[in-house]
**Q** 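Before anything else, here's the structure in question.
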Amino acid sequence: MTIADQRAALDALIRERGEDYASLSRLIGRNAAYVQQFIKRGVPRKLDEADRRLLARYFNVPESRLGGPESDGVRIVAAERGRSRQADLVAVPRLAVGASAGPGAVAGDERPHARIAFQAQWLRRVASSPQALSIIQVDGDSMAPTLGDGDDILVDRGDAAARLRDGIYVLRIADALNVKRIALNPATRRLTIHSDNPAYPPIAECDPADIDIIGRVVWAGRRIA
């Protein structure tokens, strides 16, 4: 693969995944213009090996797709406070759907439109499996103040109906996605579906068989105004 091919391959991945140059530059610990300059101006002439490995791991593609060797290890090198460290990253897909924290929203196009990288070791602590994770957005205010409109939530699809317990879940009810807090009655095994916002009344005595439980919410991220 030529250097021109390498630049074109990276640019194609960025466009395909809906990423931006500045965010990827920060991901690899460079100034905000670094990736754009590499692609558009050829400066630097080629990607540093560690940068190439990190980008390949972030996009979840073989390193060879970006001009690296055919064998693609799972270890990457990242910069942290001026030191080198070994880290595993998992690129979790961010889906183009919202889960309503209100009356309910019909699911949209459930395809990845971006990916966000998390440290694999941390994901293994908080979730059933990194492969069972996806990120969607909260719509509405019924889960405020715990979750706000526009927050990103990490949903563990491997932690759903079979392991049901008290917690916050994404549910599909009558083809609408909702994010709600569930309380399970240990005696009757029936559910009460709560909103953290007291303006929204709970739904009591629900049969779990009537609800499609998509997965448990294990993390949330939000923009600070």
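Being a predicted model, the structure only gives us computed values, none of them experimental.
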**Q** If you group Ile, Leu, Val, Met, Phe, Trp and Tyr by side-chain heavy-atom gaps below 4.5 Å, do Val217 and Leu95 land in one group?
**A** yes
**Q** Do Val35 and Ile14 come within less than 4.5 Å of each other through their side chains, counting heavy atoms only?
**A** yes
**Q** Using 0.5 Å steps for rounding, measure from the CG atom of Leu54 to the CZ atom of Arg30.
**A** 10.5 Å
**Q** Would a distance-only check, ignoring hydrogens and angles, find a side-chain to backbone donor-acceptor pair under 3.5 Å from Arg190 to Ala204?
**A** no
**Q** Where the side chain of Arg165 meets the backbone of Arg163, is there a donor-acceptor pair that is under 3.5 Å apart?
**A**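 Checking the backbone N and O of Arg163 against the side chain of Arg165, a donor-acceptor pair under 3.5 Å is found.
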**Q** Does a side-chain heavy-atom distance below 4.5 Å link Trp219 with Val126?
**A** no
**Q** Given Tyr169 and Val179, is the side chain to side chain contact (heavy atoms under 4.5 Å, CB included) satisfied, shown in steps?
**A** CA-CA 6 Å; Tyr169 288 82; Val179 56; over 6 Å; no
**Q** Would you find more than 12 non-hydrogen atoms of other residues, nucleotides or ligands less than 6.0 Å from Arg41 atom CZ?
**A**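 Open: at most 12 neighbouring heavy atoms sit under 6.0 Å from CZ of Arg41.
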**Q** Kindly indicate whether the side chain of Ile193, heavy atoms from C-beta on, has any atom under 4.5 Å from the side chain of Ile211.
**A**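 Answer yes - side chains close enough.
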**Q** I need the minimum non-hydrogen distance between Arg57 and Ala91, along with the two atoms involved.
**A** O-CB, 4.2 Å
**Q** Checking Leu191 against Glu205 for the side chain to side chain contact (heavy atoms under 4.5 Å, CB included) test, could you report, in this order, the C-alpha distance in whole Å, the side-chain angles of both residues, the deciding distance, and whether it holds?
**A** CA-CA 5 Å; Leu191 307 175; Glu205 290 298 305; over 6 Å; no
**Q** With no hydrogens and no angle check, is any side-chain donor or acceptor of Ser64 less than 3.5 Å from a backbone partner on Gly67?
**A**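 Checking the backbone N and O of Gly67 against the side chain of Ser64, no donor-acceptor pair under 3.5 Å is found.
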**Q** Closest approach of Arg26 and Ala32, non-hydrogen atoms and distance?
**A** NH1-CB, 4.2 Å
**Q** Checking side chain to side chain contact (heavy atoms under 4.5 Å, CB included) for the pair Asn185/Thr192: CA distance, chi angles, key distance, verdict?
**A** CA-CA 8 Å; Asn185 186 317; Thr192 299; over 6 Å; no
**Q** Grouping I, L, V, M, F, W and Y whenever their side-chain heavy atoms are under 4.5 Å apart, do Val92 and Val155 come out in a common cluster?
**A**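 In one cluster with Val92: Val155, no.
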**Q** Using side-chain heavy atoms (C-beta onward) and a distance below 4.5 Å, is Arg222 in contact with Asp152?
**A** no
**Q** Do Ile153 and Leu123 belong to the same hydrophobic cluster, where Ile, Leu, Val, Met, Phe, Trp and Tyr are linked whenever their side-chain heavy atoms lie under 4.5 Å apart, directly or via other members?
**A**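 Shared cluster, no.
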**Q** List the steps, then state whether side chain to side chain contact (heavy atoms under 4.5 Å, CB included) holds for Ile39 with Gln37.
**A** CA-CA 5 Å; Ile39 291 173; Gln37 289 176 342; over 6 Å; no
**Q** Keeping Ser129 on the side-chain end and Gln131 on the backbone end, is there a donor-acceptor pair under 3.5 Å?
**A**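 Answer holds: yes.
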**Q** What distance do Gln36 atom CD and Leu24 atom CG have between them, rounded to the nearest 0.5 Å?
**A** 11.5 Å
**Q** Is there a side-chain contact between Phe38 and Gln6 in this structure, where contact means two heavy atoms from C-beta onward sitting under 4.5 Å apart?
**A** yes
**Q** Please name the pair of heavy atoms, one in Leu184 and one in Leu164, separated by the smallest distance, quoted to 0.1 Å.
**A**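 The answer is CD2-O, 3.7 Å.
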**Q** Run the salt bridge (Lys or Arg N to Asp or Glu O under 4.0 Å) test on Asp196 and Arg181 for me, step by step, so that the C-alpha distance in whole Å, both residues' side-chain angles and the decisive distance to 0.1 Å come before the verdict.
**A** CA-CA 7 Å; Asp196 284 5; Arg181 187 179 299 277; 2.8 Å; yes
**Q** Out of curiosity, does Leu133 fall in the hydrophobic cluster containing Ile213 (side-chain heavy atoms, cut-off under 4.5 Å, transitive links)?
**A** no
**Q** For Glu63 versus Ala56, what's the shortest heavy-atom pair and its separation?
**A** CA-CB, 3.7 Å
**Q** I need the Leu154 CG to Phe118 CZ distance, nearest 0.5 Å.
**A**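 So the CG of Leu154 and the CZ of Phe118 are separated by 5.0 Å.
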**Q** Any chain of hydrophobic side-chain contacts (each under 4.5 Å) joining Ile116 to Val170?
**A** no
**Q** To the nearest 0.5 Å, what is the distance between CD1 on Ile135 and CG on Asp151?
**A**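 Atom-to-atom, Ile135:CD1 and Asp151:CG are 12.5 Å apart.
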**Q** Will you find, in the side chains of Ser134 and Arg94, an N or O donor that is under 3.5 Å from an N or O acceptor?
**A**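 Result is no, nothing qualifies.
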**Q** Using modelled atom types and a 3.5 Å cut-off, is there a donor and acceptor pairing between side-chain atoms of Arg17 and backbone atoms of Phe59?
**A**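 Yes, because the side chain of Arg17 sits within donor-acceptor range (under 3.5 Å) of the backbone of Phe59.
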**Q** To the closest 0.5 Å, what do you measure between CZ (Arg52) and CG (Leu66)?
**A** 8.0 Å
**Q** Please determine, by modelled atom types, if Tyr200 and Asp141 share a side-chain donor-acceptor pair under 3.5 angstrom.
**A** yes
**Q** Which pair of non-hydrogen atoms, one from Lys180 and one from Ser142, has the smallest distance, and what is that distance?
**A** NZ-OG, 2.7 Å
**Q** Pairing donors with acceptors under 3.5 angstrom, does anything connect the side chains of Asp156 and Ser128?
**A** yes
**Q** Working to the nearest 0.5 Å, report the span between NZ of Lys46 and CD1 of Ile3.
**A**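 Here the interatomic distance stands at 6.5 Å.
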**Q** Taking the side chain as everything from C-beta on, heavy atoms only, tell me whether Leu171 gets closer than 4.5 Å to Leu177.
**A** no
**Q** Testing the basics here: between Tyr58 and Glu19, what is the closest heavy-atom pair and its distance to 0.1 Å?
**A**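 Shortest heavy-atom contact: OH-OE2, 2.9 Å.
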**Q** Quick one: does any side-chain atom of Arg157 pair with a main-chain N or O of Ala132 as donor and acceptor, under 3.5 Å?
**A**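 Indeed, once roles are kept as given, a pair shorter than 3.5 Å links the two residues.
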**Q** Side chains of Asp149 and Val138: does their closest heavy-atom pair fall under 4.5 Å?
**A**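 No, every pair of side-chain atoms sits at 4.5 Å or beyond.
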**Q** Please determine whether salt bridge (Lys or Arg N to Asp or Glu O under 4.0 Å) holds for the pair Arg15 and Asp11, giving the CA-CA distance in whole Å, both sets of side-chain angles, and the decisive distance to 0.1 Å.
**A** CA-CA 6 Å; Arg15 295 176 186 276; Asp11 200 30; 3.3 Å; yes
